[in-house]
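Beneath this line is the structure, given in C-alpha cells, with notes to follow.
Since we're looking at a predicted model, the values are computed, not measured. Residue numbers run from 1 in the order of the sequence given.
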Amino acid sequence: MSNDNKTMEMDDNIEEQGFKRGLEADKILGSAEDNGELMYLIQWKGTDAVDMVSAKEANAKCPQIVIRFYEDRITWSKAKAKA
C-alpha cells in the first residue's frame, strides 16, 4: 500500500482512534496522565498520525514498543559508597 493510499485510508477513518485505525504502532513519543490513567502518545508506522492510547491497551498490544520507550529513558546513577 502506498503512502497516498494510507493517507486516504486515514482520512476515511478520521473518527477512528488508536488501535481501531488498524495500523501498527511504530513508537511511543511521550506519556501523560488523563483522569488518573497513564496514556501514551503513539506514532503509527508509515504515517504521520499520532494518537493517545491507554497504557493498558498499549501494554497488551505492543509490549516491546512500551519496553523500548522505557529502556530509551532509563538512567543509572552510581550510589556513593559510605566510608
Side-chain angles (χ1 to χ4, degrees):
M1 179 179 285
S2 73
N3 283 342
D4 291 337
N5 287 344
K6 284 190 178 188
T7 301
M8 285 176 40
E9 178 182 310
M10 284 179 45
D11 291 342
D12 292 342
N13 297 331
I14 198 72
E15 294 86 25
E16 306 253 338
Q17 295 290 313
F19 288 98
K20 292 178 184 174
R21 290 177 183 260
L23 300 173
E24 184 179 350
D26 185 30
K27 62 184 170 182
I28 297 174
L29 302 175
S31 61
E33 186 179 327
D34 183 28
N35 293 324
E37 183 177 9
L38 180 62
M39 306 288 286
Y40 296 124
L41 181 64
I42 294 184
Q43 182 170 12
W44 305 102
K45 276 191 180 175
T47 72
D48 292 331
V50 295
D51 290 309
M52 292 300 285
V53 174
S54 74
K56 185 176 184 178
E57 186 175 20
N59 289 338
K61 295 188 176 178
C62 59
Q64 289 304 119
I65 292 172
V66 174
I67 291 168
R68 186 177 338 128
F69 174 72
Y70 286 107
E71 283 178 341
D72 290 347
R73 284 155 182 79
I74 195 167
T75 57
W76 299 97
S77 63
K78 294 183 179 180
K80 293 183 181 180
K82 294 183 180 182

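Using modelled atom types, no side-chain atom of Asp26 and backbone atom of Trp44 make a donor-acceptor pair closer than 3.5 Å.
There is no path of hydrophobic side-chain contacts, each under 4.5 Å, that joins Met39 to Val66. Both Leu23 and Ile65 are members of a single hydrophobic cluster when ILVMFWY side chains are connected at heavy-atom separations under 4.5 Å. Follow the hydrophobic side-chain contacts under 4.5 Å out from Leu38 and you never reach Leu29; the two are in separate clusters. A single hydrophobic cluster is seen to contain both Tyr40 and Phe19, as judged by linkage of ILVMFWY side chains at heavy-atom distances under 4.5 Å, directly or through other members.
Atoms CD and OG1, from Glu24 and Thr47 in turn, are 11.0 Å apart once rounded to the nearest 0.5 Å. For the atom pair CD (Gln43) and CG (Asp51), the distance works out to 10.5 Å, reported to the nearest 0.5 Å. Summarising the geometry, atom CZ belonging to Phe69 is positioned 11.5 Å from atom SG belonging to Cys62; distances are rounded to the nearest 0.5 Å.
Side-chain contact between Leu41 and Ile28 is absent, with no heavy atoms from C-beta onward closer than 4.5 Å.
Across all non-hydrogen atoms, the minimal contact from Ile42 to Ala25 is CG2-CB, 3.7 Å.
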List the atom pairs, donor and acceptor, that lie under 3.5 Å between side-chain atoms in residues 52-60 and the rest of the protein, sequence neighbours left out.
unit_1: Ser54; atom_1: OG; unit_2: Glu57; atom_2: N; d: 3.1
unit_1: Glu57; atom_1: OE2; unit_2: Lys61; atom_2: NZ; d: 3.1
unit_1: Asn59; atom_1: ND2; unit_2: Ala55; atom_2: O; d: 3.1

